[in-house]
Each structure stands twice: as structure tokens, then as C-alpha cells.
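For the single chain, residues carry numbers from 1 onward in sequence order. Order of appearance sets the numbers: ligands from 1, and atoms from 1 within every ligand.
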Amino acid sequence: MDNVSAFLPSFLIVLFLSTHVRADLPGTWELLVPDAGIASMHTAVTRFNTVVLLDRTNIGPSRKLLPKGHCRFDRNDAVLKRDCYAHSVQLDLKTNQLRPLKILTDTWCSSGQFLPNGTLLQTGGDLDGFKKIRKFEPCDETGSCDWVELNDVELAEGRWYATNQILPDGSVIIVGGRGSNSVEFYPPRKQNGAVLFPFLTQTEDTQMDNLYPYVHLLPNGKLFVFANTKSVMYDFNKNVVVKEYPPLEGGPRNYPSAGSSAMLALQGDYSTAEIVVCGGAQYGAFLMRSVDTPAHGSCGRILATGSDPVWVMEDMPNGRIMGDMVMLPNGDVLVINGAMSGTQGFELASNPCLNPVLYRPDQPVGLRFMVLNPGTVPRMYHSTANLLPDGRVLLAGSNPHVFYRFDAEFPTELRIEAFLPEYLSSDRANVRPVIEEVPEMVRFKGKFDVVVSVSLPVVGIVEVNLASASFATHSFSQGQRLVKLTVTSAVPDGDKKYRIGCTAPPNGMVAPPGYYMAFAVNQGVPSVARWIHVS
Ligand SMILES: *[C@@H]1O[C@H](CO)[C@@H](O)[C@H](O)[C@H]1NC(C)=O
């Protein structure tokens, strides 16, 4: 920018700048909560339309107190031995009200996943949380559900910067973590042991780059695991790598190199799955503690289920680290949050990336990315993005500092916002479906009907798509997947109503058991979702 401004006439600079803040770019922003009290490092949406936000415990005073009589005593806490501040809160999406939750052990850089019965399983962290297993059984907004820390069982190995993924049988695999190049399961398998996973050792370099590995459950029941620049298809039952993919060019992508990844929507006969990995820091930025090394914007996409697949490369409109990739209900991928320079870690990034971009997987290479309306709040290290049941995307956190700091260039961020993709704009309201009838639970392979109403006559297919509720942390949504159901065309069924015949996912490899947000999608415009249990 400085080089450019040195020799461009000023009217051109004005023109250039004004194109960056054009109000007519798609998407709008809403401020939901001016002060959440905590900066969310980990965020998950529950089937009661509440959101669990979670920071770490040893961070000193937050801006939200625990209820009277609920202080936490921890003689090992370096900051507050008697801590009366909340480090987790529940947000009610109906009222935007917050309720403090009580977490006891340190959840710094931990991991999580929803279990088949809707309970959030949360594992690991730092210090006293290193081997901890916690559960949160969500409740509606009138309830008083809270974190429960298990005392009868702990992780076989400490897990700091690990990734969790729910499996076809409803158990959870916990992959990697700092100093733990192994996997383990919940409930525990193999006499409570951890199983060495040499791939994580092979992908560890001097700046780590194998932390928070990208783990995706493929529809063939194997895991796609990406660390550093490498990826494998992993049979976790036999503990064998069944396929090695070619390395992804453009440098390391996992922590601290700060890329992101998503599995594109599963559809059709569910025999294929494509993985996208986007953005990242230049190698060495972390070692040199460089705040201003430009990030790159390179994305790779691979047919993970192919026989001899290669990465197809494409560049985002701008470089980005710490971007979150959020699967939207229509199958597009929103890339949001992050920065354009530096790397992951405390005080290590600059140049916030305020404009989201939309990745449209079905467009030809070169036309897939669309720049969206920029926001105003930098969301860098320790920030999150989650799809909400009404199609908005919730943005929380950002705290590039060891403690809460409000007098910095990039302060600890307590505001919660929502980004509204263009499909929520008022000029698309007349094609927006409303779900009138949907079952609360379906069985694998089961047939069921969804009834929707739409203002304008429906032409063509109304999709019914299931979105998982993921555990978002460190620019990756653990357990994120979108499953497009096989549907019949929409048959008129009374006043502006349509009946759609749906087939539930065939098995837990396509859709692990649990609660999903079921969206009807008409011409790319999603309904408000209804939660549906799949088993
Ligand atoms: C959900 O499943 C977990 C793990 O099996 C269990 O600990 C918990 O009690 C269950 N919750 C409910 C409400 O059944």
C-alpha cells in the first residue's frame, strides 16, 4: 500500500480505497452482544439454539462475574487463586442474553465435539486441564445446565492443540496435540491407551505445524488427516494409513501457520468427498516472530476419495491467516475472520482481514471466490465463526494477548456479531422456504417428508441439507459437515406449500449419529433450520 501510494495520483488512491469499502458488496453485519464478558476461544451452537462460548481459565479477570458463591479456588492458577470471573458463558439466541458458566480446569487450546445425544464433549487444554474430560449437557434458556468435569476418567495423554472428530459409531477420536503424536478415543478403547500415529511425528517441523490437525470423516468411514503440508487417509480402527496424498504446495497450514480447511458438501450417492485447505502464513514467520510477513492466499482442493488425486490450486482474492471456513447451508463456504500478515500465536499478526470471501465450489476455477462486504471488528488470534440455525454466522472472540487487554491496537474483543450472507437479504425473501413439517428424528436410510412454504412458486428442486454443529477453535471447525439429502422434486401441497420426499443419510460414515440443523434450501436461499436427530 505504501509503495502504491508513493506514485499513484491521489484521486486514484481514493478510487482504490472506496472500492474496498463499497457498501454494495454482498452480505451485512449485525452487532448481537456489545459485551459478552469473555473473549471466546472455542464456540459451539447447541440444539436448544443456545451458544456455548469458552475461553481459558488462567487468564485473570474477565468482564463477567460468576454467580455469588461460585468462585473457583485454584492454588496453581498463576493469576487468580480465588477467581470469581466467568470464563465460559451461554448465549441465548432468542434474546441475546448471557448466562455465566463455570469451568474449573484450564481449557486453553482444547478441543471438542458433540456426542450423539447432544452432549458437548470437551477435552484437554493446558496445566490442570491437560488430561481433562468435560461434558456440557445443553438445556433450553430456562435451564441451569453447566459444565461437568469428569473425575473418574481422564485422557490417556495430555491433549493441548488436539482435534476431535465424531465417528460413525458415535464415539469420538481425539487426534494429536502438542507433544502427543497419537490418537485416542472417547469412550476409551484399548485399555484406555493412546495409539501412536507416526504421521504426526513425520509432519512436525521446527515451528510445529502439526497442531490442530485438520480431521475430516470421509463417507467411506476413514479419516482424512492433514498436518503441515501432508495428508493421509487413515483407518483408525486398524491404525494404518491406507493412502498418502501428494503434499500441498504453498507451505504448512496447521497451527501456527494458520490456514483452514473444510470438507465440501456430501451429496449424490456419497461415494466422493472433496477437501479444501486455504490460506496460511509464510514458513518462518512464527520462528522469526514476524508480525508483518504477508500471508498467502493459496487454496488447494482434492478429491480425497479419488484413486490418484491431486491438489488443484487456486488463490483467494487476498492472503489470509486464521480465516475460519464455515459451510453454509447451500454448500458454499464462507471464509471469514483472520489477518493478512504474521502468523498464529500471541502478538503475532497484523493487518486484519475484514472482508469475508465466499467460495462457490460449483463455479469454474478462477470464478469461485467472491469478495463480500467487510466488517469493522478485527477478529484474529483466538476468534471463532459458527453457522447459526437461521443461516447467519456468529462471530466471537479475538484476543491476541496473554491476558485481557483493551488498550492495544488489536484489543481483546468482547463483542459478538453476526454476518448475514447475501441469501438473507430482503430481495430474496420471497424464495426463502419456511419449514412447516419435519420429523424430529430419523433413522439411517429412512424415508420422510419435509413440508415447506414459499411465497413465490417453486421451480426445480428444494434441497434438504443437514449441517452438523461443530466445535470452532483456532480457525478450524472440528466435526463440521454438510450432508445434502436425496430428495424428490417439491410437489405442491396446498396454499404455497410443497412436500419434499427425503431419504435420510445411509449410515454413520456419511452422517455420524447426532443432532443436525435441517435446512430447506430453495435457489440457494436457506430456511431457518429445525434440529433433527439422526441415528
Ligand atoms: C449423553 O451421553 C454421554 C456419553 O455417553 C453421557 O455421559 C450422558 O449422560 C448422556 N446424556 C444424556 C442426557 O443422556
Fill in the blank from the handout: In Tyr245, Phe199, Tyr214, Tyr234, the residue satisfying ring pair (Phe, Tyr, Trp, His ring centres under 6.0 Å) with Phe224 is Tyr245
Problem - Heavy-atom side-chain proximity of Met233 to Asn220 below 4.5 angstrom - result: yes
Practice task
Using distance alone, determine whether Tyr186 and ligand 1 share an N or O pair under 3.5 Å.
Solution key: no
Problem - Whether Ser383 side chain and Gly338 backbone form a donor-acceptor pair below 3.5 Å - result: no
Practice task
Among all protein heavy atoms, pick out the one at the shortest distance from atom 9 (O) of ligand 1; state its residue, atom name and that distance to 0.1 Å.
Solution key: Glu137 OE2, 3.2 Å
Exercise for the section: Using atom types as modelled and distance alone, determine if a side-chain donor or acceptor of Gln113 lies under 3.5 Å from a backbone N or O of Ile166. Expected result: yes
Exercise for the section: Check each of Lys102, Lys131, Arg134 against Glu149 using the salt bridge (Lys or Arg N to Asp or Glu O under 4.0 Å) test, and report the only one that passes. Expected result: Arg134
Exercise for the section: Could you list the atoms of ligand 1 found under 4.0 angstrom from a heavy atom of Leu115? Expected result: 3 (C), 4 (C)
Practice task
Could you list the atoms of ligand 1 found under 4.0 angstrom from a heavy atom of Lys135?
Solution key: 3 (C), 4 (C), 6 (C), 7 (O)
Practice task
Report the nearest protein non-hydrogen atom to atom 2 (O) of ligand 1: residue, atom name, distance rounded to 0.1 Å.
Solution key: Asn117 ND2, 2.3 Å
Handout entry: Sub-4.0 Å protein heavy atom near atom 14 (O) of ligand 1
Key = yes
